[in-house]
Trainee: 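The structure that follows is given in the form of structure tokens.
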Amino acid sequence: MIAIGIDIGGTKIALGLVDETGKVLAQTSLKTDPDKKPAQLIGEVADAVNAMLAERNVSPDEVKGIGVGAPGPLDAKHGRLDSPPNLPAWHGFGVVEELRKHFGAWPVHFQNDATAATLAEKWLGAAREAENFIFITVSTGIGAGIYMHGRLITGASGNAGDVGFITVEPGAAGTDGYWEQIASGTAIARQASETLGREVSTKEAFDLAAAGDAQMTELIELTYRRLGVGCVSLINTLDPELIVIGGGVSQIGDPLFDAIRGYVSQHALSPAGRRTAIVPAALSQNAGLIGAASLVHQAY
Ligand code: ADP
């Protein structure tokens, strides 16, 4: 059986056909053109899906369903995007209803993109053996998904895991101190630029720190500490056996993971919490697409 995966993002919509083993059989993407109405873009998505199905001679009864990952806040119960900051034209748009107009025969699963990525890490990635884990993406923002007692925790409206908006340090860096305001890729670049008085990218801030720049070393160490603080709050709240970290910033690798592990080993409350395994995400390529497809192939 085949899943149709659709990952709606601020810059592109990735879509494809994914089989039961997680293999991507076909994929393409469309630009999330802000000048186009969401219904028009979903029409283009439907055309692209139909073309992929025809090209591969997939018959309708081979399709198990459609999985959609979308940025929050959303209303998973009613299949609507709510108010994702990067998609103003989509606020309140009923994606599931629109897809049903094109594909009435198949069930449509609709979840927050980080929640979908969490299920993908359980299915094929770094959390295959875990029954209780948290997936965190440190990217443009910070998002997460929660998997506990062998199930995804989606919450009442599908917005569980919006950890980028837990307050970690009120007033830090002239912000309200939400986690993503002070520890995301965007936050690192903003603070580095303010400190050095010129435009500095996230990657450059890390590179300068690695080359011994004192101000950037201080910023990166502070960022690691803030990432650790957020992880400790999540560990103390949810008692996971594992934290999986993905997203662009996690590509820094060992220094980031070692620093977070070090902070957690000292500051989590319980002995088990202090020993929480903290590992890199295994799925980076096509993570959004495979996440969307996992909503179809995996029970949650
Ligand atoms: P998105 O938020 O669109 O899902 P990413 O997960 O790629 O995208 O995250 C983008 C953020 O990650 C940006 O702030 C970018 O500067 C940062 N980033 C990307 N690659 C690296 C890298 N190799 N090292 C450090 N930061 C990176």
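What's counted below: heavy atoms across the whole structure, side chains too, no hydrogens, waters or symmetry copies.
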Trainee: Applying the 4.5 Å side-chain criterion to the ILVMFWY set and letting contacts propagate, would W106 and L295 be lumped into a single cluster?
Mentor: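 No, separate clusters.
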
Trainee: For the atom pair CZ (R274) and OH (Y263), what is the distance rounded to the nearest 0.5 Å?
Mentor: 13.0 Å

Trainee: What heavy-atom pair brings A114 and A144 nearest, and what distance separates the two atoms?
Mentor: CB-O, 3.5 Å

Trainee: Looking at E97, I'd like to know if its CD atom is crowded, meaning that more than 12 non-hydrogen atoms belonging to other residues, nucleotides or ligands lie closer than 6.0 Å.
Mentor: no

Trainee: Verify, without hydrogens or angle tests, whether Q111 (side chain) and A116 (backbone) share a donor-acceptor contact under 3.5 angstrom.
Mentor: no

Trainee: Could you check whether atom CD of E131 has more than 12 heavy atoms from other residues, nucleotides or ligands sitting under 6.0 Å from it?
Mentor: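 Enclosed.
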
Trainee: Please give me the minimum heavy-atom distance between L208 and R198, naming the atom from each residue.
Mentor: CD1-NH2, 3.9 Å

Trainee: Just verifying a value: how many Å separate L81 CG and N112 CG, rounded to the nearest 0.5 Å?
Mentor: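 With rounding to 0.5 Å, CG (L81) is 10.0 Å from CG (N112).
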
Trainee: Side-chain contact test, heavy atoms from C-beta onward, threshold under 4.5 Å: evaluate it for I245 versus I260 and give yes or no.
Mentor: yes

Trainee: Is the side chain of T32 donor-acceptor paired with the backbone N or O of K12 at a distance under 3.5 Å, no angle test?
Mentor: yes

Trainee: Could you tell me whether the side chain of Y147 reaches within less than 4.5 Å of the side chain of I153, counting heavy atoms only?
Mentor: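 The answer is no, as the side chains (C-beta and beyond) never meet within the 4.5 Å cut-off.
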
Trainee: Using the side chain to side chain contact (heavy atoms under 4.5 Å, CB included) rule, take L15 and D7 through it: C-alpha gap first, then chi angles, then the decisive distance, then the call.
Mentor: CA-CA 6 Å; L15 58 134; D7 178 44; over 6 Å; no

Trainee: What heavy-atom pair brings D35 and D33 nearest, and what distance separates the two atoms?
Mentor: N-OD1, 2.9 Å

Trainee: Minimum heavy-atom separation for L242 to A130, with atom names?
Mentor: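 So the minimum-distance heavy-atom pair works out to CD2-CB, 3.8 Å.
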
Trainee: Hydrogens and angles aside, do E62 and S59 bring a side-chain donor and acceptor to less than 3.5 Å of each other?
Mentor: yes

Trainee: Answer yes or no: is there a side-chain heavy-atom contact under 4.5 Å between F103 and V63?
Mentor: no

Trainee: Contact between L227 and I142 at the side-chain level, heavy atoms closer than 4.5 Å - yes or no?
Mentor: yes

Trainee: I'd like to know if the side chain of E241 reaches the main chain of N132, judged simply by a donor and an acceptor atom lying under 3.5 Å from each other, with no hydrogens or angles considered.
Mentor: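 A pair under 3.5 Å: yes.
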
Trainee: Using 0.5 Å steps for rounding, measure from the CD atom of E44 to the OG1 atom of T28.
Mentor: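 Rounded to the nearest 0.5 Å, the CD-OG1 separation comes to 11.0 Å.
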
Trainee: Do the side chain of E121 and the main chain of A282 share a donor and acceptor less than 3.5 angstrom apart?
Mentor: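 Flag set: sc E121 to bb A282 pair under 3.5 Å.
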
Trainee: Whether the side chain of R190 engages the backbone of Q181 through a donor-acceptor N/O pair (distance < 3.5 Å, no angle test) should be reported.
Mentor: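 Yes, because the side chain of R190 sits within donor-acceptor range (under 3.5 Å) of the backbone of Q181.
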
Trainee: Could you report the tightest heavy-atom contact between H109 and Y300, atom names first, then the distance?
Mentor: ND1-OH, 3.2 Å

Trainee: Using only atom types and a distance under 3.5 Å, with no angle test, would you say the side chain of D19 pairs donor to acceptor with the backbone of I2?
Mentor: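 No; zero donor-acceptor contacts below 3.5 Å.
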
Trainee: Does one hydrophobic cluster hold both V244 and I290, with members joined at side-chain heavy-atom distances below 4.5 Å?
Mentor: no

Trainee: Working note: V138 + S250, criterion side chain to side chain contact (heavy atoms under 4.5 Å, CB included); need CA distance, chi angles, decisive distance, verdict.
Mentor: CA-CA 6 Å; V138 186; S250 72; 5.5 Å; no

Trainee: Check whether any side-chain heavy atom of L25 sits under 4.5 Å from a side-chain heavy atom of V18, and report yes or no.
Mentor: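 No - every pair of side-chain heavy atoms lies 4.5 Å or more apart.
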
Trainee: Following the transitive rule for hydrophobic clusters with a side-chain heavy-atom cut-off under 4.5 Å over Ile, Leu, Val, Met, Phe, Trp and Tyr, establish whether V296 and I4 coincide in one cluster.
Mentor: no

Trainee: Between V96 and L87, is there a shared hydrophobic cluster once you connect ILVMFWY residues whose side-chain heavy atoms come closer than 4.5 Å?
Mentor: yes

Trainee: Do S83 side-chain atoms and P73 backbone N/O form a donor-acceptor pair below 3.5 Å?
Mentor: no

Trainee: Would you say the side chain of I243 lies within less than 4.5 Å of the side chain of I235, judging by non-hydrogen atoms?
Mentor: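 Yes. Closest side-chain heavy atoms under 4.5 Å.
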
Trainee: Atom CZ of R226 and atom SG of C231: how far apart are they, to the nearest 0.5 Å?
Mentor: 14.5 Å

Trainee: Could you check N159 against D75 for side chain to side chain contact (heavy atoms under 4.5 Å, CB included), going step by step and ending with a plain yes or no?
Mentor: CA-CA 8 Å; N159 291 301; D75 178 346; over 6 Å; no

Trainee: Is it the case that one hydrophobic cluster holds both I42 and I6, taking links as side-chain heavy atoms less than 4.5 Å apart, direct or via other members?
Mentor: yes

Trainee: Ignoring hydrogens and geometry, is there a side-chain-to-backbone donor-acceptor pair from Q191 to L219 under 3.5 Å?
Mentor: no

Trainee: To the nearest 0.5 Å, tell me how far L124 CG sits from H297 NE2.
Mentor: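 The distance works out to 9.5 Å.
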
Trainee: I'd like to check T137 versus S139 (side-chain heavy atoms, cut-off strictly below 4.5 Å). Are they in contact?
Mentor: yes

Trainee: Would you list the pairs meeting side-chain hydrogen bond (donor to acceptor under 3.5 Å, both in side chains) in which at least one residue belongs to residues 209-221, sequence neighbours left out?
Mentor: none

Trainee: Just verifying a value: how many Å separate T195 OG1 and M216 CE, rounded to the nearest 0.5 Å?
Mentor: 4.5 Å

Trainee: Given side chains that start at C-beta, do those of Q27 and L289 come closer than 4.5 Å, heavy atoms only?
Mentor: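 They are in side-chain contact.
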
Trainee: In terms of the angle between their ring planes, are W90 and F93 parallel, tilted or perpendicular, with boundaries placed at 30° and 60°?
Mentor: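 Ring orientation of W90 relative to F93: perpendicular.
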
Trainee: I would like to know whether S184 and W179 meet side chain to side chain contact (heavy atoms under 4.5 Å, CB included); could you show each step before the answer?
Mentor: CA-CA 8 Å; S184 64; W179 206 13; over 6 Å; no

Trainee: Between the main-chain N or O of L53 and the side-chain N or O of R56, is there a donor-acceptor pair closer than 3.5 Å?
Mentor: no

Trainee: Quick check on K64: does its NZ atom have over 12 non-hydrogen neighbours (other residues, nucleotides or ligands) under 6.0 Å away?
Mentor: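 Buried by this count: over 12 neighbours within 6.0 Å.
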
Trainee: Which atoms form the tightest heavy-atom contact between D176 and T167, and what is the distance?
Mentor: O-CG2, 3.6 Å

